[in-house]
Amino acid sequence: MGIKTRLFDGRLRLNAAAFHYDYKDLQITSTIRTSSGDNSSILDNIGKATVNGIDLDAAWQPFGGLTLGSRWAT
C-alpha cells in the first residue's frame with residue numbers, strides 16, 4: 001500500500017509505501033565457503049517468516065539541472 005505524489009508542477013516528488021509479508025514453508029539459499037576455499041550453495045528450510053516495513057523517498061528540483069533527493073527504508 002502506498003502513495004506517489006508530484007507537487008509544484010512536478011518539481012517536488014514524495015512517495016511512501018508500507019508493506020507486510022507473511023511467508024510459510026520458506027526456503028532460502030545460502031552460500032558458504034568450504035575448507036578448501038570453494039563456494040558451495042545450501043538450500044535451507046526456515047519455516048515461517050514475517051517482514052514489515054516502510055519506504056519513503058523524496059526528490060526536489062529547485063531549478064533545471066539540479067535535483068536533490070533522499071530515501072529512507074526500514
Side-chain angles (χ1 to χ4, degrees):
M1 173 162 86
I3 187 169
K4 293 184 175 218
T5 63
R6 289 196 175 264
L7 306 167
F8 307 111
D9 294 325
R11 296 165 53 105
L12 177 63
R13 185 188 75 228
L14 302 171
N15 299 328
F19 53 89
H20 172 84
Y21 298 108
D22 277 323
Y23 297 99
K24 67 177 191 174
D25 301 325
L26 183 62
Q27 294 182 320
I28 62 168
T29 302
S30 301
T31 302
I32 61 168
R33 186 168 300 258
T34 63
S35 59
S36 64
D38 297 327
N39 289 332
S40 180
S41 294
I42 296 175
L43 183 63
D44 287 324
N45 294 314
I46 61 169
K48 294 180 180 181
T50 301
V51 178
N52 296 303
I54 57 173
D55 185 5
L56 306 170
D57 73 82
W60 176 48
Q61 187 176 27
F63 53 86
L66 177 66
T67 302
L68 304 172
S70 181
R71 182 171 192 153
W72 182 77
T74 184

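Along the sequence shown, residues carry numbers from 1.
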Under a single-linkage definition using a 4.5 Å side-chain heavy-atom cutoff for Ile, Leu, Val, Met, Phe, Trp and Tyr, are Trp60 and Phe63 assigned to the same hydrophobic cluster? yes
Looking only at non-hydrogen atoms, find the nearest pair between Ile28 and Ile46 and report the distance. CG2-CD1, 4.0 Å
For the side chain of Thr5 and the backbone of Leu14, is there at least one donor-acceptor N/O pair under 3.5 Å apart? yes
Restricting to non-hydrogen atoms, name the atom on Ile54 and the atom on Phe19 that form the minimum distance, rounded to 0.1 Å. N-CE2, 3.9 Å
Value rounded to 0.5 Å, distance of CG in Leu56 from CZ in Arg71: 9.5 Å
For Gln61 and Leu66, the nearest pair of non-hydrogen atoms, with its separation, is CG-O, 3.1 Å
Treat each ILVMFWY residue as a node, draw an edge where side-chain heavy atoms are under 4.5 Å apart, and state whether Phe8 and Leu68 are in one component. yes
Hey, could you give me the CG/NZ distance between Asp25 and Lys48, rounded to the nearest 0.5 Å? 9.0 Å
Tell me, yes or no, whether the heavy-atom count around Asn52 atom CG, taken from other residues, nucleotides or ligands under 6.0 Å, exceeds 12. yes
How long is the span from the CD1 atom in Ile32 to the CG atom in Asp38, to the nearest 0.5 Å? 11.0 Å
